[in-house]
Structure formats: C-alpha cells, structure tokens
Visitor: 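To start, I am sharing the structure in question, which I have written as structure tokens.
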Amino acid sequence: MVYSNLKSLIKGIRACKTVADERALIQQESAAIRASFREEDSFQRHNNVAKLLYIHMLGSPAHFGQIECLKLVASPRFADKRLGYLGIMLLLDENQEVLTLVTNSLKNDMNHSNMYTVGLALCTFANIASEEMSRDLANEIEKLLGSSNTYIRKKAALCALRVIKKVPDLVDHFVSKAKNLLTDRNHGVLLSAITLVHEMCQLNNALLSDFRDAVPLLVRNLKSLVTTGYSPEHDVSGITDPFLQVKILRLLRMLGNGDAQASEIMNDILAQVATNTDSTKNVGNSILYETVLTVLDIEADSGLRVMAINILGKFLSNRDNNIRYVALNTLNKVVSMDTNAVQRHRNIILDCLRDGDISIRRRALELSYALINEQNVRILIRELLAFLEVADDEFKLGMTTQICLAAERYAPNKRWHIDTVLRVLKLAGNFVREEILSAFIRLVAHTPELQHYTTSKLYLALKEDISQESLTLAATWVLGEYSEIVLEAGITDDDRPTRLSDKELVDLILSTMDSPYANSLTRQFTLASITKISARPTTSQIEQERIQEILAKYTTSPELEIQQRAVEFASLFTLGDLREGVLERMPPPELKATVMGVVSEKKPVGSTKVGDLLGDEIITTNAPTNGSSTNLQANQDILAEIFGSSSTLSSSTAATAQAPKPRSAVDDILGLFGTSSTPVSSTPSTTQFPASNTASAFSLPQTQSPPPQPTQSATPRLTAYTAYEKNDLKVTLTPQTSPAKPGIIMILARFQVTGGSSAIGINFQAAVPKSQQLQMLPMSSPNVNPGATETQQMRVIAPVGSAIRLRLRISFTIDGQTYQDQVDFSGFPPGLTGGNP
C-alpha cells in the first residue's frame, strides 16, 4: 500500500503490531518513494521528501533523497524551500560531497527579498557549513550582519560564529560589525553578538584590547537588565533575561582579566548584581555564580572578592546538592586567593563532610585540607579524624596522608603530633603510606623526652588491635628499639605506671607472627624486634634463650626472606659481647621533609614549607622562592602528570624555580664547591647549596665525612651538552663535579634563542629518578632576548657510580605561540658521579 501523504504514513506505521511489520512497511514505502523520484514527479516531490524525513527520523536509510532536497530548495515556493532546507540539515553534513551543490542555493537565498527565506538559508548554513563553504560565503555573512532587520542580524551573527570556528583566519572580517552589534537594543541580536565576540576573543587574544572599549556599553546593558521592572517578553522566574545577563558576565570576565582599568569600570555593577539578584530560585543562582566567577577572575578590589566568597558560602546552605557541589568546587579553586574569607565558612564546610552525597564529601574534604593553618589545626584535625573513623575506604589513603602532613607542618607541640599520628594508625593503619610511617619513626627517634610515652601508647594500641598493618609495624619497631625504656619505667596508662615484664613484651610482639593479619613485612619486623630486645640488658637470660629458640625455628621457614633474616639473626648469638654492639640502638635517622606523592583522583599532596621533626624549618625543593602557593600547586600537578603510573622513572624529587634571581655562571658553580680559578688546596671544604636554611630536605648526613681531596692544578674544563634545541630555543647543560664530593654534580643550564625573537615566560622543570635527589636555584630571568644567555643552576645528589638521568619539561612563548615540550636527557658522560662507570 502506498501512502499519499505524511499523515497517512504516520498512521500506517503506528498501526503496525510488530517491529517486523513496521520494518516491512518502511521498506515498501521507501521503494515507492525511490520509484517516484525516478519518474521526476514534481507534484509528489514535496510529500515524498516529507515522508522520507520521517523515515530518516525512525532510523532507516534515507540518503537517496539528498538530491531531491536540493531540487526543493530551488523551488520558488516557500513551503518547498523550508522542507528542502530541513532535509539538507538532516541528511547532509559538512563531509558530504553533495554539499558543494548547496553553496550556490544558499548564496541566492541569502540575497532574497523575503526575510524568512534569508533566515532559512542562514539557519542551514549555521548547521552544516564546511570550511570551504565558510570561505565562499563569508562575504555574504558579513554583509548580512549590517542588515536593518533584527531577525536577519541575529541569525547572521550565529553564522559568523560558525565561520570563525571553521576558519579562524577570517576572524578579522567580523571585528567592526561585531562592535556595531554590541550597541543593538534587541535582546536576541545582543545575545548572539556577545556570543560571537566571546568566541573571537578566545580564538585571538589580541582582540581583547579592541573590545575593551565596549566595557562601559556592556556595563550599561547589564545595569538596565538588573534595574528593569517586569518585562513579560524576557521574564524567567521573575528575572529579566537571565541568559543575556550570564553572557554579558562571561564576556566581562574575559575583558577584565588582567586589566585594572576595565575591572574598575565593572566593579560597581558586579556589586549591584550580587546584592540585587534573587537567590531563592535557580535562575538567580546561575547569575550569582557567574558574577562570582567574574569577580574572582578580574582585578576586583578585596571587598568585592569577600562578597563573592560569601555568596559561595551561602550556596553551601542550599538544599540542592548541585549548587553545593558547584560552591565547594569553586571554593577549592579560590581558597589560595583569600584563605581568610573562606575560613569564615569553615563550620558549614565541615558539615558537608557528613553529607550523603559522596561527591559533596570528597570536595568538602579537599577544601578542609586547604583551610588548615597554625590557628585551627587542632579543630580541623579533630573533625577530620572523626570523619576518618566513618569514611569509606576510598577516602582513607588520601586522608591519612593529608592529616599526617598537616600535623607535621602545623603541630603546636611534639606530643600533639605524636598523638595525632597514633590516632591515624589506630583508625586507618591499613591505609597509611610508607613515607608517613617513616616520618613517624623519625619523629620518635628525635624526641627522646617522649619515647617512653610513645612506646607505652604503642604497646597498649597493639595489645588492643593487631589488625592495622601500619600500627603493627610502628609498634614492633619502636618496642624493639626502645624496649629497655618501657621495661624500666613500665607502661603509662592514664598517668598510672604499670610494671611490664620482658615475657609480656615478647609475647605481645610474637602474637603478630601468627596473626591472621600478618604478612611477610610484619614478620620481618617482628623478627628484627625480638632480636633487638634480646640484646638489651633489661631482658632476662630466660627470654634471651627463648628468642634464640624462636629464631632457630624460623631458620627452616619456607619463606625465603624470613629464613634469611632468621639465619642471620641466629648467627649473632655466637658472637658473644659483639652481638650487643651490632644490635645497639640505632642513631636517629637523617631529618628530611615528608616526600610529595599522589593520592586518590591524582590529587597532589604535601606542604610547601614543612616543619621538620625538631621544630626547625626545612625548605623543600618544591617550594617556589616567591612563596606562591598557587605556583606550587600548578607545579605539583605538572610533575604528577610527568611521572604518571606508566612512567619508567620514579620521581623522588622534582624541582621548579620561577622567581628571577640573577646569578653568575661558571664562577658561581665553582663558588658552591668552595673553589675558584686558582689552584685548590688539599684541605677539604664543605659543600653548601645556597638556601635560606643550613638544614636542607636533601642535605647530606652530618656524620658523613668527605674523602681526602686531591690537589688540582687548574680548574677543570667545562663541557656543555645540548639537552633541548627546538622552536628557536636552545638549552645546554654544563656539569661540574668536585673530587671532594663524589656523587654531587652541579649543573648549569643555559638558555639561548636561535631565532630573531625573544622567548618569553620560560618555565623550566626537572625531575630525577627515585635514587637521586635534585635541587634548583631560580632562573636568572624567565625572558631570553636574541644574543643573550640566561642561566639556571641545579644540584644533583646521586649514588656514586650511577648515571645521571633527567626528565625535563619546558614551556615558553615566542611570537605569541606557546610551546611545551618534555624530553629525557641522559647525555652526560659515564663516571660523572665518581667511582667506576
């Protein structure tokens, strides 16, 4: 059965009882339509194309109707043109070859006397225009932008948007017309014009200065929207044209960014929008949110910024989770701008930790980390520990790391620091990173006045719960190392000392061996712990013999690592008095800041300036010299990206330095070694890397004595190695070593431009393998002019005999073009670190 029109076809398809019947009907009708097309039946063409488009919307093939759509477009009847253009938009895309046949029809109809026909052509162009079609019809679009008809101007502006997206080179053609459109009174035209200008400024930043003259006009338009009373044509939930208000705010944000004069003009209206917009409805909240983003992006005064952050704080009390999420996400981005303003909303942020939505909890948690400082560390850590107790497992790794790093940085005293870490070990000991556990052991080793207190607490915690791995490891290590303290003074529980026998201590530690939670690492710690206890004078002969028997039993363990340790420890009992010397208490390990890392969601963790375990300040190599937390965060994000999970290099240390600080070149490097161009005396000199503190996060142990320094007759000749030469920039690395300090390599990086243009804003970053350590001084200047040379100094500490490998990331701008590259460099000669290559 052949259906005469679209209405009858729809009825027929709906009457089908099965999918097979519907498919058969569509195939039959498609065959009839193809036959009619072959007969060139112009009378039925309109009905056939209409039926074909419906078939296409149902998902069946309809490509054979493309040419018929073009024939309809050529018809003088408006109804045929409308259906033909609809068919072209549905059946064609910018990759179809048939599209070239449409260009002439579009050009003719854009010059048509009927504005609705022009509108059809513009609408079709805006949907399917290709790059070639955009170039061909750009002049027509530019002409229509100046039309006296608002209907046509609005659609022409959207077509111009399509043109500059497809062919960015043509953006200059529309600058003057776009400026004129910004003066239009029609809301539709103004909305399209602002969208066009926003896209033009994104594609070409140089146009920002051209459109900044329009800031007063935009401010005036926004003010009229805010102060206008009820307008039924543009009213949405009691607010006049919120779509246009949002577009104006976004354009103001772009124009005011980095321009104090433009920002000053828009300060008053932004304050007016923030105070006069109704926040009880979602439409008002969308305008307030855009206002906040604009205030935070432009050069606004401090009072306006505080108002913006207060609006975000008000969002947090909204019942809508989407609004709360947006507020938390934005506060996370702006907390570095004005931490004190965000601190005012601390209580409601902490309330979000108890929200049922996991995404709200996650964002509130990240914001809580950023709010911690010396004044509120006790309150916030207490809240975070309370949340840790009930948190999902996916939160715990990041939480334990952040809590312990915050405690290390802001702890008011050592006892509070130890109590905080102990609480973390009790609550989430299975989710504690190795670096955190190492930092805790260093803390205990360097605070002898609290060793009895810590040992007692760990004994009681281990007695109560042996299921937390990190708690077990910390307790066995500390109890084995400081067993004589707890055996002599007893266990302090609630300030009441209780005597403890060596048998009870050994029994508790041995209970971890057969625990269902035990693994190879805990058993290794246990064997080392009881071996240490056996060498203490407070341990009885009976317990020493018992420990010896236990070690002998594990010498036949099927687990190789356990067997090896047991054999080595058991052999110590044959050494007599020498055993006590071998197993004496370890000296406190070298102090260093807890290393950076990456936790859940690839978020970098760590602090910029970490207080060491003795309370002195340690400067990490990640801290920028200008103290900017924003730059630090960006650097950590980049370095986390460089050393992703697939990287062959493991980043133990990565350094960036951005603030310009002029330094000399070769003479300065030699000065770091205490040498000069004159012959060097044989008296060894101490190597010191320039820093604000003598104790560095990666400084060599104080007990390490340098080998005798041979006499040199002259300064060694320096060789430069090219590490990067691309995009008109050349970077060379010049290594310098000193026989007095094997394993320490000073590297001078030189930056030169090979073309005729300056390199602006150079950001040079480096990272080394996990076995090596790196420090960097600031670059002499981030801008390199032709013929000039800028320098940056680095120091690498590597195991003697190892090869120096660097992963370099460099970004810079030349002639307005920004480049960013990453290279691996291993071109230094072998033996640079001393020893046998």
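Because the structure is a prediction, the values reported are computed rather than measured.
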Visitor: Can you check whether Ile360's main-chain N or O pairs, donor with acceptor, with Asn321's side chain at less than 3.5 Å?
Guide: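 No; zero donor-acceptor contacts below 3.5 Å.
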Visitor: Is it the case that atom CD in Glu434 sees more than 12 heavy atoms from other parts of the structure closer than 6.0 Å?
Guide: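 No.
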Visitor: Would you say Thr291 and Ile311 make side-chain contact, with heavy atoms under 4.5 Å?
Guide: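 With C-beta onward as the side chain, the pair stays apart.
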Visitor: Tell me, do Leu808 and Val731 make a side-chain contact under 4.5 Å, heavy atoms counted?
Guide: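 A side-chain contact under 4.5 Å is absent here.
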Visitor: When you compare the side chain of Glu366 with that of Arg362, does any pair of heavy atoms fall below 4.5 Å?
Guide: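 Answer yes - side chains close enough.
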Visitor: I'd like to know if Glu389 pairs up with Lys396 as an ion pair, taking the criterion as any Lys NZ or Arg NE/NH1/NH2 lying under 4.0 Å from an Asp or Glu carboxylate oxygen.
Guide: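 Looking at Lys396 together with Glu389, the answer is no, because their closest N to O distance does not fall below 4.0 Å.
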Visitor: So Phe812 and Gln820, do their side chains get closer than 4.5 Å, heavy atoms only?
Guide: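 A side-chain contact under 4.5 Å is absent here.
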Visitor: Counting distance only, does the side-chain N/O of Ser263 pair as donor-acceptor with the main-chain N or O of Gly256 below 3.5 Å?
Guide: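 Yes, the answer is positive, given that a donor and an acceptor are paired below the 3.5 Å cut-off.
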Visitor: Would you name the heavy atoms of Ala766 and Leu774 that are closest together and state the gap between them?
Guide: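 Distance-wise, the nearest heavy atoms are O-CD2, 3.5 Å.
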Visitor: Checking salt bridge (Lys or Arg N to Asp or Glu O under 4.0 Å) between Arg361 and each of Asp351, Asp355, Asp392, which is the one that passes?
Guide: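 So, applying the salt bridge (Lys or Arg N to Asp or Glu O under 4.0 Å) to Arg361 and each of Asp351, Asp355, Asp392, only Asp392 qualifies.
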Visitor: If you compare all heavy atoms of Ala407 against all heavy atoms of His417, which two are closest, and at what distance to 0.1 Å?
Guide: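 Taking every non-hydrogen atom into account, CB-CD2, 3.8 Å.
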Visitor: When you measure from the side chain of Asn257 to the backbone N and O of Ile298, does any donor-acceptor pair fall under 3.5 Å?
Guide: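 No, Asn257 side chain to Ile298 backbone: no donor-acceptor pair under 3.5 Å.
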Visitor: Under the side chain to side chain contact (heavy atoms under 4.5 Å, CB included) criterion, do Leu249 and Leu270 qualify, and how do the steps go?
Guide: CA-CA 9 Å; Leu249 287 168; Leu270 291 175; 3.6 Å; yes
Visitor: Scan side-chain atoms only and decide if Asp357 and Ser359 contain a donor-acceptor pair under the 3.5 Å cut-off.
Guide: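 Indeed, the side chains of Asp357 and Ser359 share at least one donor-acceptor pair under 3.5 Å.
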Visitor: Under a 4.0 Å threshold between the charged nitrogen and the carboxylate oxygen, would Asp259 count as salt-bridged to Arg212?
Guide: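 A salt bridge links Arg212 with Asp259.
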Visitor: Say whether Thr818 and Thr813, considering side chains only, have a donor N or O and an acceptor N or O under 3.5 Å apart.
Guide: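 The answer is yes; a qualifying pair exists.
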Visitor: Would you please test Ile381 and Trp416 for side chain to side chain contact (heavy atoms under 4.5 Å, CB included) and show each step?
Guide: CA-CA 11 Å; Ile381 293 296; Trp416 182 89; 3.8 Å; yes
Visitor: Taking the side chain as every heavy atom from C-beta outward, state whether Gln773 and Arg795 have any atom pair closer than 4.5 Å.
Guide: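 Side chain of Gln773 against side chain of Arg795, heavy atoms only: no contact under 4.5 Å found.
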Visitor: Quick one: does Asn318's side chain have a donor or acceptor within less than 3.5 Å of a partner on Asp320's backbone?
Guide: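 Pair found, side chain donor or acceptor close to backbone of Asp320.
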Visitor: Could you tell me whether the side chain of Gln765 and the main chain of Ile810 form a donor-acceptor pair under 3.5 Å?
Guide: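 Not confirmed, Gln765 side chain does not pair with Ile810 backbone.
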Visitor: Would you check if Leu331 and Arg363 make a side-chain contact, meaning some heavy-atom pair closer than 4.5 Å?
Guide: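 Side-chain contact under 4.5 Å: no.
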Visitor: Given salt bridge (charged side-chain N to carboxylate O under 4.0 Å, His left out), test Glu383 with Arg354 step by step and report yes or no.
Guide: CA-CA 11 Å; Glu383 292 288 341; Arg354 304 176 182 86; 3.1 Å; yes
Visitor: Looking at Ser286 and Val283, would you say the former's side chain and the latter's main chain have a donor-acceptor pair under 3.5 Å?
Guide: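 Side chain of Ser286 to backbone of Val283: a pair is present.
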Visitor: Considering residues, nucleotides and ligands other than Gln817, do more than 12 of their heavy atoms fall under 6.0 Å from its CD?
Guide: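 Enclosed: over 12 neighbouring heavy atoms sit under 6.0 Å from CD of Gln817.
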Visitor: So which atom in Ala364 and which in Leu328 form the shortest heavy-atom distance, rounded to 0.1 Å?
Guide: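 Ala364 and Leu328 have their closest heavy atoms at N-CD1, 4.0 Å.
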Visitor: Show the numbers, then the answer: is there a side chain to side chain contact (heavy atoms under 4.5 Å, CB included) between Gln775 and Met794?
Guide: CA-CA 6 Å; Gln775 289 178 319; Met794 300 183 284; over 6 Å; no
Visitor: Quick one: closest heavy-atom pair of Leu161 and Glu199, and the distance?
Guide: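 So the minimum-distance heavy-atom pair works out to CD1-CB, 3.4 Å.
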Visitor: With the side chain counted from C-beta on, respond yes when Phe751 and Thr791 share a heavy-atom pair under 4.5 Å apart, and no when they do not.
Guide: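 Heavy-atom side-chain distance check fails, nothing below 4.5 Å.
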Visitor: Could you state the interatomic distance from CZ (Arg324) to CG (Leu312), rounded to the nearest 0.5 Å?
Guide: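 Here the interatomic distance stands at 14.0 Å.
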Visitor: Can you name the nearest heavy-atom pair linking Met254 to Cys201, along with the distance?
Guide: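 Answer, listing the atom of Met254 first, then Cys201: SD-CB, 3.2 Å.
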Visitor: Are there over 12 heavy-atom neighbours, none belonging to Phe243, within less than 6.0 Å of that residue's CZ?
Guide: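 Check fails, neighbour count at 12 or below.
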Visitor: When rounded to the nearest 0.5 angstrom, what distance separates CG in Leu384 from OG in Ser368?
Guide: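 Output value for this atom pair is 5.5 Å.
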Visitor: Taking all atoms of both residues into account, what is the closest heavy-atom pair of Ser279 and Asn285, and its distance?
Guide: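 Distance-wise, the nearest heavy atoms are O-OD1, 3.2 Å.
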Visitor: Go through the steps to decide whether His198 and Arg250 satisfy the test side chain to side chain contact (heavy atoms under 4.5 Å, CB included), and finish with yes or no.
Guide: CA-CA 8 Å; His198 190 275; Arg250 288 181 179 173; 4.3 Å; yes
Visitor: I need the Met307 CE to Asp301 CG distance, nearest 0.5 Å.
Guide: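 So the gap between those two atoms works out to 9.0 Å.
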Visitor: Nearest 0.5 Å, please: how far is NZ in Lys223 from CG in Asn276?
Guide: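 It is 10.5 Å, given to the nearest 0.5 Å.
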Visitor: Is it true that a side-chain atom of Ser317 and a backbone atom of Lys314 form a donor plus acceptor pair closer than 3.5 Å?
Guide: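 Yes, because the side chain of Ser317 sits within donor-acceptor range (under 3.5 Å) of the backbone of Lys314.
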Visitor: For the side chain of Gln245 and the backbone of Thr240, is there at least one donor-acceptor N/O pair under 3.5 Å apart?
Guide: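 Judged by distance alone, yes, a pair lies under 3.5 Å.
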Visitor: Please tell me if the side chains of Ile349 and Val342 come closer than 4.5 Å, counting only heavy atoms from C-beta onward.
Guide: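 Counting from C-beta outward, Ile349 and Val342 do come under 4.5 Å.
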Visitor: Between the side chain of Asn329 and the main-chain N/O of Tyr325, is any donor-acceptor distance below 3.5 Å?
Guide: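 Looks like no, no N/O pair under 3.5 Å.
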Visitor: Could you tell me whether the side chain of Asn373 and the main chain of Asn376 form a donor-acceptor pair under 3.5 Å?
Guide: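 At least one qualifying donor-acceptor pair exists.
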Visitor: Give the ring-plane orientation class for His187 versus His234, where under 30° counts as parallel, over 60° as perpendicular and anything between as tilted.
Guide: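 Parallel, since the angle between the ring planes stays under 30°.
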Visitor: May I ask you to check whether Asn282 and Asn322 show a side-chain donor-acceptor distance below 3.5 Å?
Guide: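 Note: Asn282 and Asn322 side chains miss the donor-acceptor criterion.
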Visitor: Evaluate the salt bridge (charged side-chain N to carboxylate O under 4.0 Å, His left out) criterion for residues Asp297 and Arg253: first the C-alpha distance (whole Å), next the side-chain angles of each, then the deciding distance (0.1 Å), finally the verdict.
Guide: CA-CA 6 Å; Asp297 259 18; Arg253 178 161 79 244; 3.8 Å; yes
Visitor: Out of curiosity, Leu397 CG to Gln402 CD, how far, rounded to the nearest 0.5 Å?
Guide: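 CD of Gln402 is found 10.0 Å from CG of Leu397.
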Visitor: Rounded at 0.5 Å granularity, tell me how far CG in Leu380 sits from CD in Gln343.
Guide: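 If we round to the nearest 0.5 Å, Leu380:CG and Gln343:CD are 7.0 Å apart.
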Visitor: Hey, is Lys247 close enough to Glu290 for a salt bridge, meaning N to O under 4.0 Å?
Guide: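 Salt bridge flag = no for Glu290 with Lys247.
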